[in-house]
Amino acid sequence: MAGKRHRGWRTFLTNKYLKDKEKNFVEYDPEYPVKYAIFITEEEWVAFVAQRRDENFKKVSATNRERASNPTYAYKKGRLGYARLEEKIINETKSDATSLPPHVLWKEARVGKDGTVRDDVQHIYDECETLSQSISTAEDQENRSVLSRALNVPEYPGRVRGKGHGCTPTSLYKNPRRRNPSNQEVMETLQALQAQVLQLQKDNERYRCMEKCSSQLKETSEKASINCQNKFPEGISSCQLYLSSPTYRLVGKGKVHNTSGDLLHHRPLPDGHLKVSVDVVLDKDALLPIPDIVSETTFLRDAIGSFVAWPLDLIFIDDETPTKPASKDKGISRHNESVASQKEVFAQGSQQLSQKIGSRQKNKRDLPVTSLPKKGAFVPRYQISLETLVDSSDMATAGAIRLLDMEEDIFGYSCTETIGKEDLEHIFRHQELGVGVIHTYIRFLYDNFMRGNDQLSNRFRFVSSSLVNKALICREPDSCREYLVKRFMASSTNNLYLWPYNSGCHWLLLAIDPLKEVVYFLNSIDGEWTNYPDMKQLVDTSIKVFRSQRQARVPRTKSSNITWIKVQCPLQRNGIDCGYFVMRFMREIINMNQIEIPITYFDEYKCAHYTRLQLEQIKEELCQYFIEKRLII
């Protein structure tokens, strides 16, 4: 109706100001209608006059005017209109119908006062009746209506022929007419198809990989059986993981779990395989022997902190003697309690200090030295003493482990961390660190800095790398999100959550302030957070869910944005130090006692790279903690 009124208004302006009494366009420039200045600006008036005087417009207008003055099928109901005519017919016939077919209404609108129907009108009506018997309603809606077909005229969009002004296909039919998709819809459909193609390619590659691995392990599977597990110690043992294709090589380290009736992700283990937890990856391109279809994990690097099935003949431990926990006190569990006291063993280690300093050079377990340490030089006394304790205890045998209790206040839940000989060897030899060492250092920070200090314990908290890592984010994103949200909900004031994140072959640190919705990104290899899309999406989603659960009001400009800050932290110069850097980052953040981390890092610790001495200090703290907590003896 608004469009009809607007067209009438423009016609009125044309007849009054642009035409003379004979309805011819005037030659002079018409004056600006000041009376309607509130509706029309001078610029709009000039454009309107130019458009009406255009020859093409005049031609189209004359054609339409001629066609309207002499219609082929003239409307005979005057000002009654289609809508009121339809209502009148329904009332007169006392029909239960709510509407009439367009061709019936069109015919009635062309019946004169005398009630006679012209032959050409009746012919169109009869043809409509015939067509209506052969054309389905769906065809009527999707293409041209029956009436348009009988009249042999095109169907114009936004209107229904024979129904009058204001009736559209959407309002008449239950199903709206099909329209051409918008550019956005086309792009969304294209992206969906591309995603499906990529998914099919991934599935195809995964199944090809499984088929290849199955053929490689066919001989092993035929020879192996459940009874073969007897050659491994019962319980948990540190192990080395090998692959035989394309070359026979060591690809990682972890712990083998030889337990009767053990399941892998709620499913029975394949014959000839054992459940293995992956701690360290040595070959970043190594494939899993059996890819995990549920989590779509194909590479070994994506399984750090998770369990996988590994062939028996590709798992190696040095000692097959079973080791089981014999006793357990608060915080520390030992497999075999030593007769000697801690002081005696520590004294024994101190006496052998000079010997060990010389032997470390031969064993190449530290930086190369040409002679004994000079006076005033740094000596890793606790590392040497701890290594002496390890050599004189059952921890010297492969498969021996210690269990370290993690209190609920540390990660928000009680758990037990497993420390094996391999973990200690990584410290002594300055190799890549597993999650067990990182969590032990977190326990050290909690015991030595935060326990008994309400300010620090209320300000800083930790996120477990065992519950939230790359493998679990891909396989169980909902459980990871639930844990983070639950961890955030435990805070009543501003807290900074320190989360050592392992991306597969690299450790980095996230410091999350969920109340301010700020994430500090500390990466010792100078990478961007965009390189870890799964991790970023998990953090952003968890913060938004946390915001919703605490019913926080956030400005619209920030409602969909979480602030990520890349901290210019010290950078490593090799591919090994990332775990040591993360431990030192956490120590320095807690030591500074600040929620906000400067973009250029703390002035007190600002440097381009950590020195070897700064990393050795972290290792000394760890080794001292092992000794003081009597973890080894």
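- Within 6.0 Å of atom CG in Asp20, more than 12 heavy atoms from other residues, nucleotides or ligands are found, so the atom counts as buried in its surroundings.
- Ring-plane geometry between Tyr532 and Phe521 is classed as tilted, the angle between the planes lying from 30 to 60 degrees on a 0 to 90 degree scale.
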Exercise for the section: Show the numbers, then the answer: is there a side chain to side chain contact (heavy atoms under 4.5 Å, CB included) between Val46 and Glu42? Expected result: CA-CA 6 Å; Val46 171; Glu42 292 188 12; 5.5 Å; no
Problem - Residue pair Tyr497, Phe462: steps toward the ring-ring contact (aromatic ring centres under 6.0 Å, His included) verdict - result: CA-CA 5 Å; Tyr497 288 82; Phe462 299 99; 9.4 Å; no
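- Counting all heavy atoms, side chain and backbone alike, Leu484 lies closest to Ser542 at CD1-OG, 3.6 Å.
- Rounded to the nearest 0.5 angstrom, Met187 CE and Leu190 CG are separated by 5.5 Å.
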Handout entry: Test log, rule side chain to side chain contact (heavy atoms under 4.5 Å, CB included), inputs Ile525 and Leu508
Key = CA-CA 9 Å; Ile525 59 172; Leu508 56 88; over 6 Å; no
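- Ring planes of Trp45 and Phe48: tilted class, angle from 30 to 60°.
- A donor-acceptor contact shorter than 3.5 Å links the side chain of Ser479 to the backbone of Glu476.
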Practice task
Test side chain to side chain contact (heavy atoms under 4.5 Å, CB included) on Val519 and Thr563 and set out the steps.
Solution key: CA-CA 6 Å; Val519 181; Thr563 303; over 6 Å; no
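- Here Glu596 pairs with Lys516 under the salt bridge (Lys or Arg N to Asp or Glu O under 4.0 Å) rule; sequence neighbours left out.
- A distance-only check finds no donor-acceptor pair linking the side chain of His609 to the backbone of Gln572 [under 3.5 Å].
- With values rounded to the nearest 0.5 angstrom, Asp285 atom CG is found 6.0 Å from Arg301 atom CZ.
- Contact check on Asp302 versus Lys284 returns no salt bridge, with no Lys/Arg side-chain nitrogen under 4.0 Å from an Asp/Glu carboxylate oxygen.
- With hydrogens and angles left out, the side-chain atoms of Ser61 and Arg65 include a donor and acceptor closer than 3.5 Å.
- Minimum interatomic distance between Phe307 and Ser277 (heavy atoms only, all atoms of both residues): CE2-CB, 3.6 Å.
- Under the 3.5 Å distance criterion, the side-chain polar atoms of Asn469 are matched with a main-chain donor or acceptor of Ser465.
- Contact of the Gln122 side chain with the Lys107 side chain is registered, since non-hydrogen atoms from C-beta on lie closer than 4.5 Å.
- Between the Asp513 side chain and the Glu517 main chain, no donor and acceptor come within less than 3.5 Å of each other.
- Taking CD of Gln568 as the reference point, atom CD1 of Ile599 lies at 7.5 Å (rounded to 0.5 Å).
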Practice task
Please report the C-alpha distance between Asp54 and Lys59 in whole Å, then the side-chain angles of each, then the deciding distance to 0.1 Å, and finally whether the salt bridge (Lys or Arg N to Asp or Glu O under 4.0 Å) criterion is met.
Solution key: CA-CA 9 Å; Asp54 184 73; Lys59 183 178 180 181; over 6 Å; no
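- Counting only distance, with no hydrogens or angles, the side chain of Ser524 and the backbone of Cys578 share no donor-acceptor pair below 3.5 Å.
- Judged by distance alone, the side chain of Glu185 and the main-chain N or O of Ser182 form a donor-acceptor pair under 3.5 Å.
- The minimum heavy-atom distance linking Pro477 with Leu538 is given by the pair O-CD1, 4.0 Å.
- Across Cys505 and Asn502, no two heavy atoms sit closer than the pair N-OD1, 3.8 Å.
- The side chain to side chain donor-acceptor pair (under 3.5 Å) check on Tyr483 picks up nothing, with sequence neighbours excluded.
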Exercise for the section: Kindly indicate, with the supporting measurements, whether the criterion side chain to side chain contact (heavy atoms under 4.5 Å, CB included) is fulfilled by Met535 and Ser503. Expected result: CA-CA 9 Å; Met535 174 269 292; Ser503 63; over 6 Å; no
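- Taking the salt bridge (Lys or Arg N to Asp or Glu O under 4.0 Å) definition, one finds that Asp540 meets it with Lys536, sequence neighbours left out.
- Side-chain rings of Tyr501 and Trp529 stay apart, their centers remaining 6.0 Å or farther from each other.
- Annotation for Gln537: atom CD does not count as buried by contact number, only 12 or fewer foreign heavy atoms lying within 6.0 Å.
- Listed by chain and residue number, nothing satisfies the side chain to side chain donor-acceptor pair (under 3.5 Å) test with Ser466 (two or more places apart in sequence, or in another chain).
- When all heavy atoms of Ala303 and Val278 are compared, the closest pair comes out as O-CB, 3.6 Å.
- Taking 4.5 Å as the limit, every side-chain heavy atom of Leu509 sits out of range of all side-chain heavy atoms of Phe581.
- When all heavy atoms are compared, the tightest approach of Ala511 to Leu498 is CB-CD2, 3.9 Å.
- Distance alone, capped at 3.5 Å, is enough to place a donor-acceptor pair between the Arg487 side chain and the Phe411 backbone.
- When side chains are defined from C-beta on, Ile543 counts as touching Ile512, because their heavy atoms get closer than 4.5 Å.
- The distance from atom OG1 of Thr11 to atom CG of Leu18, rounded to the nearest 0.5 Å, is 11.5 Å.
- Side chains of Tyr520 and Leu510 form no contact here, defined as non-hydrogen atoms less than 4.5 Å apart.
- Taking the side chain as every heavy atom from C-beta outward, Thr14 and Phe25 approach each other to under 4.5 Å.
- Glu44 places a side-chain N or O within donor-acceptor distance of the main-chain N or O of Thr41, the cut-off being under 3.5 Å.
- To the nearest 0.5 Å, atom CZ of residue Phe602 and atom CD1 of residue Ile597 are 5.0 Å apart.
- Between Leu288 and Thr298 there is no side-chain heavy-atom pair separated by less than 4.5 Å.
- At least one side-chain heavy atom of Val26 sits less than 4.5 Å from a side-chain heavy atom of Arg53.
- With Tyr17 contributing its side chain and Val49 its backbone, the two residues share no donor-acceptor pair below 3.5 Å.
- Counting non-hydrogen atoms of neighbouring residues, nucleotides and ligands closer than 6.0 angstrom, the CZ atom of Phe12 exceeds 12 such neighbours.
- Heavy atoms from other residues, nucleotides or ligands lying under 6.0 Å from CG of Asn64 number more than 12.
- The distance from atom CG of Asn495 to atom CZ of Arg459, rounded to the nearest 0.5 Å, is 9.5 Å.
- The neighbour count for Lys19 NZ, taken as heavy atoms of other residues, nucleotides or ligands under 6.0 Å away, is above 12.
- In this structure, Lys606 forms no cation-pi arrangement with Tyr601, as its terminal cationic atom is not both closer than 6.0 Å to the ring centre and no more than 45° off the ring axis.
- In this structure, Leu496 and Arg461 have side chains that are not in contact, with every pair of non-hydrogen atoms separated by 4.5 Å or more.
- Taking the side chain to side chain donor-acceptor pair (under 3.5 Å) definition, one finds that Glu55 meets it with nothing, sequence neighbours left out.
- Applying the salt bridge (charged side-chain N to carboxylate O under 4.0 Å, His left out) definition to pairs two or more places apart or across chains, those involving residues 563-578 are Asp526-Lys566, Glu528-Lys566.
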